[in-house]
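The structure under discussion appears below in the form of structure tokens.
Values below: every heavy atom of this structure, side chains too, minus hydrogens, waters and symmetry copies. Predicted model, so just to flag it, every value in this text is computed and none were measured.
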Amino acid sequence: MMETIELRHGHLFCGLGGGGRGFNRGQARVGNLRAQWRCIGGIDNDPAAIKDFERLTGASGTCRDLFSLNQYRAFFGKEPPPGWVEAIPDDVRRAFGYEHPHAIFLSAPCKGFSGLLAERQSRTAKYQALNELTLRGVWLALEAYKDDPVPLFIFENVPRIMTRGRHLLDQIVALLRAYGYVVAETTHDCGEIGALAQSRKRFLLVARHPSKVPAFLYEPVKHALASIGSVLERFPLPGPWDTSCGPMHRMPALQWKTWVRLAFVEAGSDWRSLNKLAVDNGFLRDFGIAPEPGTEWFNGAFGVKDWGDNAGTVTSKFQPSSGATSVADPRVEENTFAGLTLNAWDETPGAITTQRSPGSSAQSVADPRIHDRTPFNNAYRIVPWEKSALPVTSARGSLAAVADPRHLNWKDSAHRNKERVHSWPQHAGAVTGKNQVASGALSVADPRPAQRDDYKQTKYRVSRMEEASGAVIAASTTGNGAFAVADPRTSFGDKRENYQTGGHYGVNGWEGSTGAVAAAAGVDNGRWSVADPRTGIAGSESEKLSGTAQNIHGFDALPQLDRKLVCVIRALDGTWHRPLTTLELAALQGLVDPEEHLELEGLSDSAWRERIGNAVPPPSAQAIAGVMGRALLASMTGETFALSSEPIWVRPIATALSVKQGEFDARR
């Protein structure tokens, strides 16, 4: 008969609860024992993350700062607020409801160890204090249960902790061994452990207390990475066309120039694809952007409907220039409608009616005499100022217009001085009470800025990089001294390696996998776009998307470069190169299945993405919980031998025989 054994797990630096959610799903079976994991609590200093943790794990979370006093001062640069106290081991027990965990999962802040942070900045007191939270967190957990050690610990972080945080890792390992644990440091791809569509390399430190878990702990089974498309195809195309998945699946409004860049980036590549384009005077030489059929920018302006077609929606501006609002009417026969008709010079007009206007009948004529008759040829002509006019007549129907250079209504006396600029050798006019540009010749063409060396060397001057600057003065602005520099370091040279290799404006192929989902994933800082082929699968859907985008933003030509909008540009490969939505990033992280509903605290995409990027992928945590559960159950049943093709996690030997604790210590 199968017996279910409850196993409990707790989390320090729990974040939104990805690790806790995964552990809850962990499954293990040994003989007639089956493991059922339950989360007993988590600790984090982010209130929004704690609310997410409670929602995703079903356990209570504790919002608590784990800094020591000195670490707080170093990180924030100030004293803590009134009432702040250092966390103590009992705070850990309280956060876990005073229940005893079988496993504790720690995912300490990794920002100080991350390669996204410059090496020099990582060495500052602020980030060293953040890094030291790793050691303090382990110490708090060990002290909380020193009288009854927790069987298993797992510590997760970025791989760079093995170099930047080596001194801290050495202390953590020494501390764990002092409390009786055997320890293994490994690096794993969480994508392979959890069968994700992303490659997420992480550092994993695993510690096991041999007196509690004499059975060896094996590594989780590795899987091939899934493709992006296998995850995203289960979602509808992102909003604004489909809002069924909620605000986390909305498509961000990007600048038009960003959409164009993405469209020309090859799938699987990044911004470096743009270097292949030929540009002449700021314009692409070999490519252009044209509307899809049925989605013309002019929205059918001056369009004519066929007699058998139906009309579009009648709008308030139902005019020929605003849409397809004309019709090819077959009922018109010769002379049926006389309105707006021109009579030929040699034709007979129709009957004279009371409404003698062009719009009422054929009351206009094509008169060829305008080129022969001088009176008609002079009507409404403009005469140059220096020419003479013809005689003035009572009808004022001839040359009654003139190009007058005398500025508006200024008098003759004002004309010679208004807004006049004196040349440098001339003398000025009399100084008047109203010394304004518009009231006299009170401006001068001053040649001195180009002749004075002292003026040229200071005003708005740009110093070269290799030069020394002038003396720094109190009003050090570009307008009163040489306080600008021609800095050559902004170019994409060898010194910009992080940008060169960071995948900026990167577009992932539909069949490929992504890199690790980052906390600040955006189109311009990594490979966070995808070549979505679904807009090319169904032509009607593509036209619907493109047409909606045009209607939403209402442009009738190519938008300005910095205009923000949502649009579809079909790339050269026939797909829609678009950003990944926040919900899609959460799915790639394994936080949600397309058939599930995910709701995170707040309404900020940037805050959501930060918590998602910091999360432990639940499928990876589930795989770890499975092997840990199997080791715990095996230890409960007294099994000392197991057959497995997977390597042993804590102690790399060929067999899976248990040995005494003393032998562990001696051989390590």
Side-chain angles (χ1 to χ4, degrees), residues 197-198 227-245 247-271 273-274 276-277 284 287-297 503-514 521-555 558-559 561 563-588 594 605:
Q198 63 163 313
S227 68
I228 301 175
S230 65
V231 176
L232 302 191
E233 68 183 357
R234 296 160 65 190
F235 287 101
L237 282 164
W241 307 285
D242 191 320
T243 59
S244 60
C245 291
M248 292 183 67
H249 198 44
R250 60 193 171 202
M251 178 59 60
L254 305 178
Q255 291 185 345
W256 170 252
K257 60 185 177 184
T258 300
W259 284 111
V260 175
R261 286 171 182 161
L262 292 179
F264 280 101
V265 171
E266 298 170 352
S269 183
D270 57 17
W271 64 274
S273 293
L274 303 178
K276 301 177 183 179
L277 301 176
L284 288 176
F287 300 99
I289 297 178
E292 289 271 86
T295 61
E296 284 75 12
W297 297 317
H504 296 76
Y505 294 99
V507 177
N508 293 290
W510 190 252
E511 299 301 327
S513 57
T514 71
V523 295
D524 58 348
N525 63 7
R527 300 177 184 272
W528 304 121
S529 299
V530 63
D532 194 330
R534 292 177 294 174
T535 57
I537 293 175
S540 59
E541 182 68 11
S542 173
E543 293 174 8
K544 172 188 173 185
L545 292 175
S546 301
T548 306
Q550 312 295 359
N551 291 336
I552 287 174
H553 298 283
F555 56 80
L558 288 178
L561 293 179
R563 182 172 182 180
K564 288 191 173 183
L565 70 164
V566 176
C567 65
V568 175
I569 301 178
R570 191 184 300 278
L572 295 175
D573 59 8
T575 65
W576 177 22
H577 293 190
R578 63 169 180 84
L580 293 167
T581 68
T582 302
L583 186 65
E584 288 171 333
L585 290 173
L588 293 173
D605 272 289

Review point. What heavy-atom pair brings Ala531 and Pro533 nearest, and what distance separates the two atoms?
Key: O-CD, 3.2 Å
Check your understanding: Hey, is the main chain of Arg527 close enough, under 3.5 Å, to the side chain of Asp270 for a donor-acceptor pair?
Key -> no
Check your understanding: Would you call Leu274 and Tyr505 a side-chain contact if the rule is heavy atoms closer than 4.5 Å?
Key -> no
Study note, to complete from the structure: Closest non-hydrogen atoms of Phe235 and Cys245, given as atom of the first, atom of the second and distance, are CD2-SG, 4.3 Å
Revision key, fill the gap. Heavy-atom closest pair (Pro252 atom, Val566 atom, distance to 0.1 Å) is O-CG2, 3.8 Å
Check your understanding: Is there a donor-acceptor pair under 3.5 Å between the side chain of His577 and the backbone N or O of Val265?
Key -> yes
Exercise for review: Can you tell me which residue pairs pass the salt bridge (charged side-chain N to carboxylate O under 4.0 Å, His left out) test with a partner in residues 575-587, sequence neighbours excluded?
Suggested key: Asp532-Arg578, Arg578-Glu584
Check your understanding: With sequence neighbours left out, what residues match Ser529 under side-chain hydrogen bond (donor to acceptor under 3.5 Å, both in side chains)?
Key -> none
**Study point:** Derivation of the side chain to side chain contact (heavy atoms under 4.5 Å, CB included) call for Leu585 and Thr514
**Key:** CA-CA 10 Å; Leu585 290 173; Thr514 71; over 6 Å; no
Study note, to complete from the structure: Applying side chain to side chain contact (heavy atoms under 4.5 Å, CB included) to Asp605 and not counting sequence neighbours gives Arg250, Thr582, Trp608
**Study point:** Check: Leu588 main-chain N/O paired with Gln198 side-chain donor or acceptor under 3.5 Å
**Key:** yes
Review point. Considering only heavy atoms from C-beta outward, does the side chain of Trp259 approach that of Pro579 to under 4.5 Å?
Key: yes
Check your understanding: Who pairs with Ala263 by side chain to side chain contact (heavy atoms under 4.5 Å, CB included), at least two apart in sequence or on another chain?
Key -> Ile569
Revision key, fill the gap. With sequence neighbours left out, the residues meeting side chain to side chain contact (heavy atoms under 4.5 Å, CB included) with Gln255 are Lys257, Thr258, Asp562, Lys564
Practice item. Identify, with sequence neighbours excluded, every residue that meets side chain to side chain contact (heavy atoms under 4.5 Å, CB included) alongside Ser513. Key: Leu225
Practice item. Report the distance from atom CG of Leu232 to atom CZ of Arg234, rounding to the nearest 0.5 Å. Key: 10.5 Å
Review point. Can you tell me how far CE of Met251 sits from SG of Cys567, rounded to the nearest 0.5 angstrom?
Key: 10.0 Å
Review point. Can Ile289 and Trp256 be said to form a side chain to side chain contact (heavy atoms under 4.5 Å, CB included), step by step?
Key: CA-CA 12 Å; Ile289 297 178; Trp256 170 252; 4.0 Å; yes
**Study point:** Sidechain-backbone polar pair: Trp510 side chain, Glu233 backbone, donor-acceptor under 3.5 Å
**Key:** no
Check your understanding: Side-chain contact, heavy-atom cut-off 4.5 Å: Leu262 with Leu254?
Key -> yes
